[in-house]
Amino acid sequence: MRKKATLITGAAGEVGQALVERVVEQNNTHVISMDIKPLPPELDAKVQHIVGDILDHSLFDRIVSRYDITHIYHLAALLSTSAEYSPMLAHNVNVGGTMRLLQLAAEQSEWKREPVIFIFPSSVAAFGMDSLENKAANPRPEEWEWNKPITMYGCNKLYGETLGIYYSNHYQQLAENEPTMLDFRCVRYPGLISAFTVPSGGTSDYGPEMLHAAAQGKAYASFVRKDAAISFMAMPDAVGSVIQLANAPRENLTRQIYNITAFSLTAEEFAAHVKEHFPDAEITYNPDISRQRIIDSWPIDMNDDAARRDWGWDPEYDAEKAFSEYLVPNIRKRYEK
Ligand code: SER
């Protein structure tokens, strides 16, 4: 019999590392992690890590021949700024990789007559506000509003969501009583902030970058204006959310795509939190036009009422608590070493 396992792609990324740690802690499943990069050694020792390309067919064939994949957390992606530099590569990885895994999950679900739970982190980038006036007038869009992304990454994520809905409800137009479909569940993340890793290639990175710079006593010039506003979330809430969604009873879920958010800040408010803990922090503003445009197209906040109602989404960290209890203490330790 094949051994049951959870597959985590993009495991060496920011969310990936934190998620692998948390899923392993739960200790109730064998974890297979994948990434084009190796995992840090202390994490690598805890899982079966495969270094490989998400677009490599044979890798997945080998995995499913040995393991019964019950859950997939598909995190592998190029983020929004990177994707603007390499749109073709971003499309191949973000769309091609998602398509391949959805196909695999659909086939496995059908074959074993039990749905594979497929968790897909989408993003605030799936939204596209067309002006600052509309951004201000529509601060908390619902999941289906303003779905007009202006980035390659946002387009890829929105299509990934659509493909997930297709594979879980309409694949080959099978009737409802025909083979079991996969169970696709998706969250739209805001900007994420980790105390343990520094992001790369994202557009919300100015937040975490200013904090990590301050902790190292380095000056930081933000690539967006003071008044740039989006929502953020601390990494423990980000990984907790997808585990919570994966464990939610299916009958409670009234939709497949859920906005989730924790706190909304302007860059200046973000800097004020940083300065509260690092009073000598030197933070200036030197907006990059392209990255500013991207942030201007993302909503100030998102309406996450459905996630709160359907599966009990309730972030542990608001801004104050995120800085004082999670980010600052851990970041201080990190740079003291
Ligand atoms: N944090 C991501 C980015 O900036 C958005 O999902 O690309």
Side-chain angles (χ1 to χ4, degrees), residues 9-10 13-19 73-87 89-91 93-95 97-98 119-129 135 141 143 146-161 186-212 222-225 228-239 241-242 257-267 270 287-302 304 307 315 322 327:
T9 72
E14 271 214 292
V15 184
Q17 291 189 33
L19 182 66
Y73 292 89
H74 174 42
L75 311 178
L78 263 77
L79 292 183
S80 56
T81 295
S82 304
E84 292 307 300
Y85 285 110
S86 313
L89 177 65
H91 187 273
V93 172
N94 297 357
V95 175
T98 302
I119 302 293
F120 183 64
S122 182
S123 162
V124 62
F127 292 102
M129 314 307 299
K135 175 164 167 154
E143 284 80 354
W146 296 96
N147 287 175
K148 293 187 262 179
I150 68 157
T151 58
M152 175 51 76
Y153 173 73
C155 294
N156 296 163
K157 285 294 184 187
L158 191 58
Y159 182 48
E161 295 176 2
C186 164
V187 293
R188 283 198 188 145
Y189 279 142
L192 303 181
I193 329 165
S194 168
F196 301 103
T197 48
V198 187
S200 73
T203 315
S204 56
D205 296 3
Y206 59 92
E209 281 174 5
M210 83 175 61
L211 175 60
H212 282 262
S222 161
F223 57 79
V224 295
R225 291 185 317 263
I230 57 166
S231 51
F232 289 94
M233 183 183 292
M235 194 56 82
D237 277 330
V239 298
S241 72
V242 283
I257 316 297
Y258 288 96
N259 288 343
I260 53 167
T261 179
F263 50 87
S264 169
L265 297 173
T266 62
F270 201 109
D288 169 273
I289 295 172
S290 311
R291 296 179 102 182
Q292 180 69 61
R293 274 192 79 214
I294 295 175
I295 292 297
D296 286 345
S297 79
W298 294 352
I300 294 174
D301 204 347
M302 291 184 271
D304 61 359
L327 293 168

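Remember, it's a predicted structure, so these values are computed and weren't measured experimentally. First listed ligand is number 1; within each ligand, the first listed atom is number 1.
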Which heavy atom of the protein is the closest neighbour of atom 7 (O) of ligand 1, given with residue, atom name and distance?
->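 Sorting protein heavy atoms by distance from atom 7 (O) of ligand 1 puts Ser80 OG, 2.5 Å first.
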
Under 6.0 Å from the OH atom of Tyr159, do we count more than 12 heavy atoms belonging to anything else shown?
->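 Not buried by this count: 12 neighbours or fewer within 6.0 Å.
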
For ligand 1, is any non-hydrogen atom under 4.0 Å from Ser204's backbone (N, CA, C, O), its side chain (CB onward), both, or neither?
->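 Under 4.0 Å from ligand 1, Ser204 contributes backbone and side-chain atoms.
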
Could you see which bit of Tyr206 sits under 4.0 Å from ligand 1, with heavy atoms only: side chain, backbone, both or neither?
->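 None of Tyr206 does.
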
Numbered atoms of ligand 1 (with element) below 4.0 Å of Tyr153, judged on heavy atoms |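 Here the atoms of ligand 1 in question are 5 (C), 6 (O), 7 (O).
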
Give the atoms of ligand 1, by number and element, whose distance to some non-hydrogen atom of Ser123 is under 4.0 Å.
->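 With Ser123 as reference, the close atoms of ligand 1 come out as 5 (C), 6 (O).
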
Report yes or no: does Arg188 contribute a side-chain atom to a donor-acceptor pair with the main-chain N or O of Ala125 at less than 3.5 Å?
->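 Pair absent, no side-chain N/O of Arg188 close to backbone of Ala125.
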
Looking only at distance, does Thr203 have an N or O less than 3.5 Å from an N or O of ligand 1?
->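 Between Thr203 and ligand 1 (N or O atoms, distance only) the closest approach is under 3.5 Å.
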
Do Thr203 and Ser80 get their side chains close enough for a donor-acceptor pair, meaning under 3.5 Å?
->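 A donor-acceptor contact under 3.5 Å links the two side chains.
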
Thr261 and Asp304 side chains, donor-acceptor separation under 3.5 Å =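 Checked: Asp304/Thr261 side chains show no N/O donor-acceptor pair below 3.5 Å.
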
Is the distance between the ring centroids of Tyr206 and Phe270 less than 6.0 Å?
->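 That pair fails the under 6.0 Å test.
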
